[in-house]
Trainee: 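Provided herewith is a single structure, encoded as structure tokens, for subsequent inquiry.
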Amino acid sequence: MSEQTEQTQSGVVIVGAGMAGVQTAVALREQGYTGPVTLLGAEPHQPYDRPPLSKAVLLGKAEDSAFDVDFEGLDIRLRLGTEVTGLRAGARELDTEVGPVPYEALVLATGAEPLTLPGSEGVRGVHLLRTLDDAARLRPVLAAAPAVVVVGAGWIGAEFATAAREAGCAVTVVEAADRVLAGALPAEVGEAMGRWYAQAGATLLTGARVASVEPGRVLLSDGRELPAGAVIVGIGARPATAWLADSGIDLGPDGSVTADAWLRTSLEDVYAVGDCASFPSARYGTRLLVHHWDNALQGPRVVAADILSGGTDRAYDPVPYFWSEQFGRFVQYAGHHDGADETVWRGDPADPAWSVCWLRDGVLVAVLAVGRPRDLAQGRRLIESGTALDPAKVADPATPLKSAAA
Ligand code: FAD
């Protein structure tokens with residue numbers, strides 16, 4: 001077999017069988033790619049969706065969250081339980097325990113790994129929540145309803161605290177910052193959302209640092225001691241790219257593969273998508289690293305189009321979107337509020353439903369909606385179209401956002 005034929009047969013290889021990897025494989029087929037598609041995934045399980053892990057799967061309301069994709073019918077070769085350990089771009093090969101895997105085009109979709117709390121690794125009763133295995137380990141823990149300490153009041157911490165309260169656990173959430181979601185949302189919004197913890201019967205300790213974790217208890221640096229039948233660490237995640245260290249690929253200080261506007265990396269015919277990749281946003285004038293589901297759905301379509309066309313006009317420049325379900329509320333966010341010069345509230349944050357809009361030079365750049373999905377849907381379209389709004393109309397929750405144009 002000639003080298004050319006062998007390379008052609010290797011087709012597109014995707015590393016990481018999570019949302020971004022699976023969607024890339026599906027998008028290739030949907031867009032008409034007929035060559036070989038191989039999906040390599042480190043986890044042994046049938047590829048699955050992560051958002052239900054901190055919701056229905058955790059509470060035992062759903063057994064699992066496997067994707068409803070007919071891999072065989074789509075002629076997508078799944079190689080599960082296969083960790084990729086290295087990339088040799090010169091040879092166009094990946095390294096795995098069971099030997100090298102050649103590629104013609106390569107898509108990196110290895111997602112992110114949760115940060116661990118120094119000193120807590122290996123301590124009995126300490127958990128992370130990223131994988132199906134993590135959720136399976138936590139399910140019986142919740143069912144036994146112990147006192148639970150959650151470290152970190154971010155998205156995962158809030159969703160876990162919600163599930164733990166629903167399971168009847170006493171819940172204490174320890175947060176080093178002075179409010180919840182300090183890295184994600186402005187203070188006034190975080191403060192409003194922080195009030196939900198007490199309403200749900202969870203204790204929120206802000207400005208509180210963990211000094212050490214021992215089996216059965218958490219010690220804070222101010223001397224307080226918290227009993228803990230289980231400890232869940234939710235302090236953020238980092239792109240799973242350590243295995244690329246010797247590959248010569250460009251990585252950012254945040255560990256992300258720094259892709260361009262078409263999600264191409266610094267290596268020829270190598271793309272990166274989903275939680276492991278950052279990309280330049282012309283819309284927001286900055287590089288974005290997005291750790292949300294919608295990004296792992298939209299990015300793959302651009303990657304597949306670029307692989308098929310060998311260079312398209314369609315750059316990846318989404319309005320980022322995510323949702324969270326916490327303390328009985330449906331929270332949705334679209335856009336990117338950094339750089340906004342005006343914040344407009346729609347409704348009272350003490351009420352069950354309200355929204356916040358961020359404007360820059362009168363144009364809507366981001367919206368957060370709590371129990372107001374229409375605000376989110378209309379706001380997302382207005383952000384996409386760059387429409388200028390009248391702040392007085394925006395401030396009236398009875399006026400549909402789509403009718404608030406300046
Ligand atoms: P991942 O889903 O992390 O998949 C990457 C896969 O690559 C993994 O299976 C991993 O094992 C594999 N892999 C890693 N390294 C290698 C290697 N070297 N070789 C082979 N395979 C490898 N987003 C929202 O918008 N709303 C939500 O409500 C929400 N809830 C969430 C709840 C939880 C518990 C978690 C963990 C995430 C949640 N997210 C949510 C975020 C969303 O799930 C992620 O953004 C999305 O899963 C990213 O997809 P991905 O394919 O890029 O990465």
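The structure displayed is predicted, hence computed values, not measured ones. For ligands, and for the atoms within them, numbers begin at 1 and follow the listed sequence. The residues of the chain are indexed from 1 along the displayed sequence.
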Trainee: Side chains of Ser281 and Asp317: do they bring a donor and an acceptor to under 3.5 Å?
Mentor: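 Yes - a donor-acceptor pair under 3.5 Å links their side chains.
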Trainee: Which protein heavy atom lies closest to atom 49 (O) of ligand 1, and at what distance to 0.1 Å?
Mentor: Ala296 CB, 3.6 Å
Trainee: Check whether any heavy atom of Asp294 sits under 4.0 Å from an atom of ligand 1.
Mentor: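 Under 4.0 Å: no for Asp294.
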Trainee: Taking atom types as modelled, is there a side-chain donor on Tyr316 or Asp306 under 3.5 Å from an acceptor on the other?
Mentor: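 No pair is found: no donor N or O on one side chain lies under 3.5 Å from an acceptor on the other.
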Trainee: Would you please say whether a donor-acceptor pair under 3.5 Å links the side chains of Thr38 and Arg77?
Mentor: no
Trainee: Yes or no on ring-ring contact (aromatic ring centres under 6.0 Å, His included) for Phe322 and Trp155, after CA distance, side-chain angles and deciding distance?
Mentor: CA-CA 11 Å; Phe322 67 85; Trp155 302 111; 4.8 Å; yes
Trainee: Report, in ascending order of atom number, the atoms of ligand 1 lying under 4.0 Å from any heavy atom of Lys55.
Mentor: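 Atoms satisfying the 4.0 Å criterion: 27 (C), 28 (O), 29 (C), 30 (N).
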Trainee: Below 4.0 angstrom from a heavy atom of Met19, which ligand 1 atoms are there? Numbered from 1 as shown, please.
Mentor: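 Every atom of ligand 1 under 4.0 Å from some heavy atom of Met19: 49 (O), 51 (O).
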Trainee: Please table the atom pairs, donor to acceptor, closer than 3.5 Å between any side-chain atom in residues 115-129 and protein atoms at least two apart or in another chain.
Mentor:
from   : atom 1 : to     : atom 2 : distance (Å)
Thr116 : OG1    : Glu121 : OE2    : 2.9
Ser120 : OG     : Leu117 : O      : 2.7
Glu121 : OE1    : Gly119 : N      : 3.1

Trainee: Could you tell me whether the side chain of Arg88 and the main chain of Arg92 form a donor-acceptor pair under 3.5 Å?
Mentor: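 No; zero donor-acceptor contacts below 3.5 Å.
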Trainee: For Arg195, give me all partners under side-chain hydrogen bond (donor to acceptor under 3.5 Å, both in side chains), at least two apart in sequence or on another chain.
Mentor: none
Trainee: For ligand 1, is any non-hydrogen atom under 4.0 Å from Cys276's backbone (N, CA, C, O), its side chain (CB onward), both, or neither?
Mentor: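 Within the 4.0 Å criterion, Cys276 makes no contact with ligand 1.
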Trainee: Among Gln332, Glu159, Lys55, find the residue that satisfies the side chain to side chain donor-acceptor pair (under 3.5 Å) test when tested with Ser324.
Mentor: Glu159
Trainee: Side chains of Glu43 and Thr131, heavy atoms from C-beta outward: is any pair under 4.5 Å?
Mentor: yes
Trainee: Is there a polar contact between ligand 1 and Ala240, counting only N or O atoms under 3.5 Å apart?
Mentor: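 No: no nitrogen or oxygen of Ala240 is under 3.5 Å from one in ligand 1.
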Trainee: Considering heavy atoms of the protein only, find what lies nearest to atom 19 (N) of ligand 1 and give residue, atom and distance to 0.1 Å.
Mentor: Val84 N, 2.9 Å
Trainee: Using a 4.0 Å cut-off to any heavy atom of Gly111, which atoms of ligand 1 qualify?
Mentor: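 Taking each heavy atom of Gly111 in turn, ligand 1 has 1 (P), 3 (O), 5 (C), 52 (O), 53 (O) under 4.0 Å.
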Trainee: For residues Gln298 and Tyr321, is any side-chain donor paired with an opposing acceptor at under 3.5 Å?
Mentor: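 No, no side-chain donor-acceptor contact under 3.5 Å.
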Trainee: Under a 3.5 Å threshold, yes or no: a donor from one side chain and an acceptor from the other, between Ser256 and Asp254?
Mentor: yes
Trainee: Among all protein heavy atoms in this structure, tell me which lies nearest to atom 23 (N) of ligand 1, with the distance rounded to 0.1 Å.
Mentor: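 Going by distance alone, atom 23 (N) of ligand 1 is nearest to Trp293 N, 3.3 Å.
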Trainee: Return yes when atom NZ of Lys393 has more than 12 non-hydrogen atoms of other residues, nucleotides or ligands closer than 6.0 Å, and no otherwise.
Mentor: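 Check passes, neighbour count above 12.
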Trainee: Looking only at protein heavy atoms, which one is nearest to atom 45 (O) of ligand 1, and what is the separation?
Mentor: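 Among all protein heavy atoms, the one nearest atom 45 (O) of ligand 1 is Asp275 OD1, 2.8 Å.
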Trainee: Does ligand 1 come near enough to Tyr321 that some N or O of the ligand is less than 3.5 Å from an N or O of the residue?
Mentor: no
Trainee: For atom 51 (O) of ligand 1, what's the nearest protein heavy atom and its distance?
Mentor: Ala20 N, 2.8 Å
Trainee: With only distance considered, is Arg130 within less than 3.5 Å of ligand 1 through an N or O on each side?
Mentor: yes
Trainee: Students should be able to answer this: which protein heavy-atom is nearest to atom 22 (C) of ligand 1, and at what distance?
Mentor: Ala42 CB, 3.7 Å
Trainee: Can you report which non-hydrogen protein atom sits closest to atom 7 (O) of ligand 1, along with the distance?
Mentor: Gly16 CA, 3.2 Å
Trainee: Does the N or O separation between Gly274 and ligand 1 drop below 3.5 Å for any pair?
Mentor: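 Checking ligand 1 against Gly274, no N or O pair falls under 3.5 Å apart.
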Trainee: With only distance considered, is Trp323 within less than 3.5 Å of ligand 1 through an N or O on each side?
Mentor: yes
Trainee: Heavy-atom distance to atom 14 (C) of ligand 1: which of Leu58, Thr85, Thr110 wins?
Mentor: Thr110
Trainee: Near Ala112, which atoms of ligand 1 are under 4.0 Å from a heavy atom of that residue?
Mentor: 3 (O)
Trainee: Quick one: do the Ser355 and Asp375 side chains pair a donor with an acceptor below 3.5 Å?
Mentor: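 There is such a pair (donor and acceptor under 3.5 Å, judged by atom type) between the side chains of Ser355 and Asp375.
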Trainee: With heavy-atom distances below 4.0 Å as the criterion, list the atoms of ligand 1 near Ile156.
Mentor: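 With Ile156 as reference, the close atoms of ligand 1 come out as 32 (C), 33 (C), 34 (C), 35 (C).
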Trainee: Pull out every atom of ligand 1 sitting under 4.0 Å from any heavy atom of Gly18, numbered as shown with elements.
Mentor: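 Listed by number with element: 4 (O), 6 (C), 51 (O).
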Trainee: If we ignore hydrogens and angles and just use 3.5 Å, is the side chain of Trp354 paired with the main-chain N or O of Pro349 as donor and acceptor?
Mentor: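 Confirmed, Trp354 side chain pairs with Pro349 backbone.
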Trainee: Check each atom of ligand 1 against the heavy atoms of Val15 and keep those under 4.0 Å away; list them by number with element.
Mentor: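 Near Val15, meaning under 4.0 Å from one of its heavy atoms, ligand 1 has 19 (N), 20 (C).
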Trainee: Can Glu113 be said to touch ligand 1, with heavy atoms closer than 4.0 Å?
Mentor: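 In this structure, Glu113 fails to qualify as a contact of ligand 1 - no heavy atom is under 4.0 Å.
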Trainee: Tell me whether ligand 1 is touched by Thr82 - counting only heavy atoms on the residue side and a distance under 4.0 Å.
Mentor: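 Thr82 counts as a contact of ligand 1 under the 4.0 Å cut-off.
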Trainee: Short list, please: which atoms of ligand 1 are under 4.0 Å from a heavy atom of Phe322?
Mentor: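 This gives 25 (O) as the contact atoms.
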Trainee: Hey, does Arg50 come in under 3.5 Å of ligand 1, counting only N/O atoms on both sides?
Mentor: yes
Trainee: What's the verdict on ring-ring contact (aromatic ring centres under 6.0 Å, His included) for Tyr197 and Phe327, showing C-alpha distance, side-chain angles and the deciding distance?
Mentor: CA-CA 7 Å; Tyr197 286 68; Phe327 307 113; 4.6 Å; yes
Trainee: Identify, for atom 41 (C) of ligand 1, the protein heavy atom at the shortest distance, and state residue, atom and that distance.
Mentor: His291 O, 3.8 Å
